[in-house]
Amino acid sequence: MRNIETLVPSAGRADTVGLSEFDAGELARYVADPAHPWWRRRSCVLAPAGRVPERYAAELIARVCDPEDVAEVRIALFDLLADRGAELLPWLRHEDRRHERSYAMPDAILKARGLFGDRSAAPGLVTLAASPWPHRRAAGAATLDALVTRYGAERSLPISVPSGPRTAPFTSGSGIVRGADVTDALADPDHGVAYLAQSLLSDPVRLRGYLGEAPTTDAALWAAYALHRLTGDAEETRAAYEARGSPRVEVDGLDEELRGAIVHEYANRCERQSDPRWRVEALCTDPPVRPDQDGRLRRATAALTAAGTAPEPPVPCGEYHHQGGGTYHVIECGESEVSVSTLGPFVAGAATDAAARDALESAGFRWIDETTGAIRVTGLCVYYFGEREPVGVDTLLFYWQDGGLSRNPRRVSASRPWVSLCPWPECVAPPRPRCPSGPLRCGSSRTVRCRVVRRAAESVRVAAPAVLRPR
């Protein structure tokens, strides 16, 4: 006979169909007992789809209100108890909830308040809807929509909504509400606000009219960017760009070869706070010609072999770091290593590796030294390990971003090679390796961990248990 243990034999392996057909009372009773594994209880919460026996409602509400229970279970229970606002709202609105620090609970509490019709949650939801994290932004916006649907915009967004550039797009006073003409918001000095405004525009005729009257260069560029999004007309976009003098973000030390490689790789996916000059420049300039990657790697390997450095076969940076991906390959050469960018003829390695540098430069590659690599590309905000700020040339040419938890959960940061990072709190018991070469870049010309640190990191790498409770 099937039971809950067989229907959810391990974390992430729930028989959802079987659970949906299981007795709702048994599921509720299982969830109400915190002694059971949290991942199995959460699967049971998701199964009833509103089938909450009245006799278990109080026990489930008690689970929500217990700060010692697992956040994942508590959050899932908010959806299951969607018709229990009368019982939950007093607890949700209590000032003690401001001190809730369980994983993801503050956002979940705010969302639940909004869905239960609590208009006093609007200021917090406005801030949540302006978050740079897409999942938080979507949750805040969806809950605000629910409030607007329930009460109307004016009653849902009271005067007490906090003001400021990050929250302005969501206040009724700013005019950025569904169906309104928000073209004037393209002139907002905050790039995040202007980006949101252009994303809401849908009338090419209105945008063409605005181009000639835009009060600032930025506003005109945002209009051209929005128009291109709607029409895909490159010639029209280029004409608008040239009419404003083809404005660019000038970066000291960034030559045209580097600039072309970077702008055409990142401007189409940069963060909302990026300068619109980067976005429109990418639309109006030709991308650099990129040769065959395999041929480039063969040429680099041959040059290093001829120099006597005994190179190993090149590996993608994701494979090298055991997860994720990016814009370079790594070629290990004895006790050193060389990185070969996929964005152009750019290579980098240890500043002391003169043999590799000479060999690769003779083969037509460009060595990115510390001075060039440290150039900060201002105005171009790129996501990098949780940050959304401008980064250096070395990070952009030799970019690596992890892909979340992998079979090797302990990873080493590319920008801070002496720090071991792990998404699971249970994995931090081993001491974090310190760079034996000092606190700065391990003597390398760029931000890649040195062989000594990599070995140190691997020596403390631990396997994640089958089930771990995330932060």
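Keep in mind it's a predicted model, so treat the numbers as computed, not measured.
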* **Arg269 CZ: over 12 foreign heavy atoms closer than 6.0 Å** => yes

- [ ] Side-chain contact test, heavy atoms from C-beta onward, threshold under 4.5 Å: evaluate it for Asp353 versus Glu337 and give yes or no.
- [x] no

- request: Decide side-chain contact (heavy atoms from CB on, under 4.5 Å) for Arg388 and Gln273; before the verdict, give the C-alpha distance in whole Å, the side-chain angles of both, and the deciding distance to 0.1 Å.
  value: CA-CA 8 Å; Arg388 292 172 170 80; Gln273 291 293 337; over 6 Å; no

Residue set satisfying side chain to side chain contact (heavy atoms under 4.5 Å, CB included) with Ser246, at least two apart, ordered chain then number -> Tyr241, Glu242

Interatomic distance, CG@Leu254 vs CG@Leu396, rounded to 0.5 Å, equals 9.0 Å

Can Arg113 and Ser120 be counted as having a side-chain donor-acceptor contact under 3.5 angstrom?
yes

Under a 3.5 Å distance rule, please check whether Ser336 uses its side chain to pair with a backbone N or O of Cys333 as donor and acceptor.
yes

In short, side chain to side chain donor-acceptor pair (under 3.5 Å) pairs touching residues 293-306 with sequence neighbours left out are none

Between the CG atom in Asp394 and the OG1 atom in Thr372, the distance rounded to the nearest 0.5 Å is 10.0 Å

When rounded to the nearest 0.5 Å, the distance separating OG1 of Thr395 from OH of Tyr384 is 4.5 Å

Check your understanding: Should Thr143 and Leu128 be marked as a side-chain contact (heavy atoms from CB on, under 4.5 Å) after you check the CA-CA gap, both sets of side-chain angles, and the distance that decides it?
Key -> CA-CA 10 Å; Thr143 311; Leu128 186 64; over 6 Å; no

To the nearest 0.5 Å, atom CD1 of Ile109 lies from atom CZ of Arg93 at 14.0 Å

Close side-chain approach of Trp133 and Asp107, heavy atoms under 4.5 Å = no

Q.
Given 3.5 Å as the limit, does a donor-acceptor pair link the side chain of Glu236 with the main chain of Asp233, or not?
A. no

For Thr217 and Pro247, the nearest pair of non-hydrogen atoms, with its separation, is CG2-CG, 3.8 Å

When Val251, Val393, Val382 are each screened for side chain to side chain contact (heavy atoms under 4.5 Å, CB included) with Ile262, the one that passes is Val393

Under 3.5 Å, side chain of Arg101 to main-chain N/O of Arg98, donor-acceptor pair present?
yes

Run the side-chain contact (heavy atoms from CB on, under 4.5 Å) test on Arg366 and Glu257 for me, step by step, so that the C-alpha distance in whole Å, both residues' side-chain angles and the decisive distance to 0.1 Å come before the verdict. CA-CA 10 Å; Arg366 178 176 176 179; Glu257 183 180 44; 2.8 Å; yes

ask   = Taking it one step at a time, do His329 and Ser341 satisfy side-chain hydrogen bond (donor to acceptor under 3.5 Å, both in side chains)?
value = CA-CA 6 Å; His329 290 75; Ser341 177; over 6 Å; no

I'd like to check Leu186 versus Tyr210 (side-chain heavy atoms, cut-off strictly below 4.5 Å). Are they in contact? yes

Note: Trp367 and Ala356 closest approach over all heavy atoms is CZ3-C, 4.1 Å

Rounded to the nearest 0.5 Å, the CG atom of Asp79 sits from the CG atom of Leu115 at a distance of 8.0 Å

* Within a strict 4.5 Å, meaning less than it, do heavy atoms of the Ile331 and Leu304 side chains meet? -> yes

Note to self: Counting only heavy atoms not in Asp255 (residues, nucleotides, ligands), do more than 12 fall under 6.0 Å from its CG?
What the structure shows: yes

Next on the checklist: Please report whether the ring centroid of Phe346 lies less than 6.0 Å from that of Phe398.
Outcome noted: no

In short, Ala261 meets Leu343 closest at the heavy-atom pair CB-O, 3.6 Å

Using only atom types and a distance under 3.5 Å, with no angle test, would you say the side chain of Ser274 pairs donor to acceptor with the backbone of Cys381? yes

Centroid-centroid under 6.0 Å between Trp278 and Tyr225 rings: no

Separation between CE (Met105) and CG (Leu110), nearest 0.5 Å, reads 11.5 Å

On a heavy-atom basis, the closest approach of Ala197 and Val182 is O-CG2, 3.7 Å

Smallest heavy-atom separation, Leu207 atom then Ala226 atom, equals CD1-CB, 3.8 Å

Regarding Glu100 and Ser102, do their side chains bring together a donor and an acceptor under 3.5 Å, going by distance alone? yes

Side-chain touch Ile368/Val347, heavy atoms, less than 4.5 angstrom: no

Self-check item: Any donor-acceptor N/O pair, Thr327 side chain to Leu397 backbone, under 3.5 Å
Solution: yes

**Prompt:** Can you find a pair of side-chain heavy atoms, one from Val193 and one from Tyr195, that are under 4.5 Å apart?
**Reply:** no

Salt bridge or not between Arg238 and Glu235? Use side-chain N to carboxylate O under 4.0 Å. yes

4.5 Å side-chain heavy-atom contact, Pro390 and Val377: no

Paired with Asp275, the side chain to side chain contact (heavy atoms under 4.5 Å, CB included) test is passed by just one of His191, Glu281, Arg248, namely His191

From the list Arg279, Arg244, Arg277, salt bridge (charged side-chain N to carboxylate O under 4.0 Å, His left out) partner of Asp218 resolves to Arg277

Exercise. Does the side-chain contact (heavy atoms from CB on, under 4.5 Å) test come out yes or no for Trp400 and Tyr320, once each step is laid out?
Worked result: CA-CA 10 Å; Trp400 169 70; Tyr320 176 76; over 6 Å; no

Fill in: Non-hydrogen side-chain atoms of Arg357 and Phe365 separated by less than 4.5 Å
no

Closest heavy-atom pair, Phe385 versus Gln401, reported as atoms and distance to 0.1 Å, is N-OE1, 3.0 Å

Q) Can any side-chain N or O of Tyr383 pair as donor or acceptor with the backbone N or O of Glu271 at less than 3.5 Å? A) no

